[in-house]
Amino acid sequence: QVQLVESGGESVQAGGSLRLSCVASGRAFSTYAKGWFRQGPGKEREFVAAINWSGGATAYADSVKGRFTISRDNAKNMVYLQMNSLKPEDKADYYCAASRTMEIRRSTDAYDSWGQGTQVTVSS
């Protein structure tokens, strides 16, 4: 198991930027892929972005591609999500997750550790 704690969520205007951070402890951090998911009001949790064990490969949901960037610093046990050009539809609780695999997965089923979430609000 991995313990994950997110931070960085806040209220911003549309067009603004935020950087979410996730610090991990427990199971060997650098060995496994990490992901960011989000859950909006009344919606199911959805994939946002993922990064493989080394940081050499990334994947994004179509809705955020070109605006969000996922990165990791294995020396610091950190995962980041840089969010630019935020839109009102990006409003959600954002969750950091640790996968059971080294390579990227988009399904929530591939992740066995989750943070408590950080709230992002985007006003128009």
Side-chain angles (χ1 to χ4, degrees):
Q1 282 285 348
V2 179
Q3 291 73 48
L4 303 163
V5 179
E6 305 96 333
S7 62
E10 60 180 78
S11 181
V12 297
Q13 295 274 355
S17 297
L18 281 176
R19 187 195 197 201
L20 305 184
S21 299
C22 173
V23 60
S25 61
R27 186 175 69 204
F29 178 85
S30 61
T31 306
Y32 300 99
K34 301 297 185 292
W36 284 97
F37 292 76
R38 67 186 181 187
Q39 188 165 13
K43 298 182 179 179
E44 293 187 355
R45 191 168 297 188
E46 64 175 0
F47 171 78
V48 175
I51 189 166
N52 77 336
W53 69 279
S54 68
T58 57
Y60 298 92
D62 288 343
S63 59
V64 307
K65 197 172 296 183
R67 300 188 296 122
F68 290 12
T69 302
I70 187 171
S71 60
R72 65 190 295 165
D73 185 337
N74 286 343
K76 297 181 179 180
N77 287 4
M78 296 290 295
V79 184
Y80 306 99
L81 186 68
Q82 178 66 44
M83 306 187 296
N84 299 328
S85 302
L86 282 161
K87 304 176 180 180
E89 51 264 42
D90 294 319
K91 174 183 177 180
D93 292 327
Y94 283 72
Y95 297 88
C96 176
S99 174
R100 295 189 297 268
T101 68
M102 296 174 67
E103 300 303 328
I104 291 168
R105 295 290 185 272
R106 295 173 179 257
S107 171
T108 56
D109 292 342
Y111 295 81
D112 63 351
S113 298
W114 296 84
Q116 83 289 348
T118 186
Q119 189 174 69
V120 172
T121 302
V122 184
S123 56
S124 56

Exercise for the section: Working to the nearest 0.5 Å, report the span between OG1 of T118 and CG of D93. Expected result: 8.0 Å
Completion exercise
Looking only at heavy atoms, the pair that brings V2 and A24 closest together is CG1-CB, 3.8 Å
Exercise for the section: Is it possible for you to say whether W53 and I70 belong to one hydrophobic cluster, with membership spreading through side-chain heavy-atom contacts below 4.5 Å? Expected result: no
Handout entry: same_hphob_cluster(V120, V79) at 4.5 Å side-chain heavy-atom cutoff
Key = yes
Practice task
Start with the C-alpha distance between W114 and F37, add both sets of side-chain angles, then the distance that settles ring pair (Phe, Tyr, Trp, His ring centres under 6.0 Å), and finish with yes or no.
Solution key: CA-CA 10 Å; W114 296 84; F37 292 76; 5.0 Å; yes
Completion exercise
d(D112 CG, Y32 OH) to nearest 0.5 Å is 8.5 Å
Exercise for the section: Quick one: pull up OG1 in T121 and CG in D90 and give me the separation to the nearest 0.5 Å. Expected result: 11.5 Å
Exercise for the section: Would you check if the side chain of R100 reaches a backbone N or O of D109 as a donor-acceptor pair within less than 3.5 Å? Expected result: yes
Problem - Over all atoms of both residues, closest heavy-atom pair of A110 and R105 - result: CB-CB, 3.4 Å
Exercise for the section: Decide if atom CD of Q116 counts as having more than 12 heavy atoms of other residues, nucleotides or ligands within a radius under 6.0 Å. Expected result: yes
Practice task
State which residue, out of R38, E6, Q39, fulfils the side chain to side chain donor-acceptor pair (under 3.5 Å) condition with Y94.
Solution key: R38
Handout entry: Side-chain donor or acceptor of R67 paired with backbone N/O of Q82 under 3.5 Å
Key = no
Practice task
Identify the two heavy atoms, one from R106 and one from A59, that lie closest to each other, and give their separation to 0.1 Å.
Solution key: NH2-CB, 3.6 Å
Handout entry: Pair K65 + D62: basic N to acidic O under 4.0 Å
Key = yes
Problem - Shared hydrophobic cluster, F47 / W36 (ILVMFWY, side-chain heavy atoms < 4.5 Å) - result: no
Exercise for the section: For the residue pair S21 and M78, establish whether any side-chain heavy-atom pair is separated by less than 4.5 Å. Expected result: yes
Fill in the blank from the handout: OG (S124) and CD (E89) are apart, to the nearest 0.5 Å, by 10.0 Å
Practice task
Verify the cluster assignment for V48 and L86: are they in a single hydrophobic cluster under the rule of side-chain heavy atoms below 4.5 Å apart?
Solution key: yes
Practice task
Could you state whether Y80 and L20 fall into the same hydrophobic cluster, counting links through intermediate Ile, Leu, Val, Met, Phe, Trp or Tyr residues with side-chain heavy atoms under 4.5 angstrom apart?
Solution key: no
Problem - Shortest non-hydrogen separation from S17 to V12 and the atoms involved - result: O-CG1, 4.2 Å
Handout entry: Expected output: side-chain K87 to main-chain S85 donor-acceptor under 3.5 Å
Key = no
Completion exercise
Tightest non-hydrogen contact, residues E10 and L18, listed as CG-CD2, 3.3 Å
Handout entry: Separation between CZ of R72 and OG of S54, rounded to the nearest 0.5 Å
Key = 7.5 Å
Completion exercise
So CG of N52 and CE of M102: to nearest 0.5 Å the spacing works out to 8.0 Å
Handout entry: Backbone of A33 reached by a side-chain donor or acceptor of Y111 within 3.5 Å
Key = no
Practice task
Decide side-chain contact (heavy atoms from CB on, under 4.5 Å) for Q3 and V5; before the verdict, give the C-alpha distance in whole Å, the side-chain angles of both, and the deciding distance to 0.1 Å.
Solution key: CA-CA 7 Å; Q3 291 73 48; V5 179; 5.9 Å; no
Exercise for the section: Could you pull out the closest heavy-atom pair between L4 and A98, with the gap in Å? Expected result: CD1-N, 3.6 Å
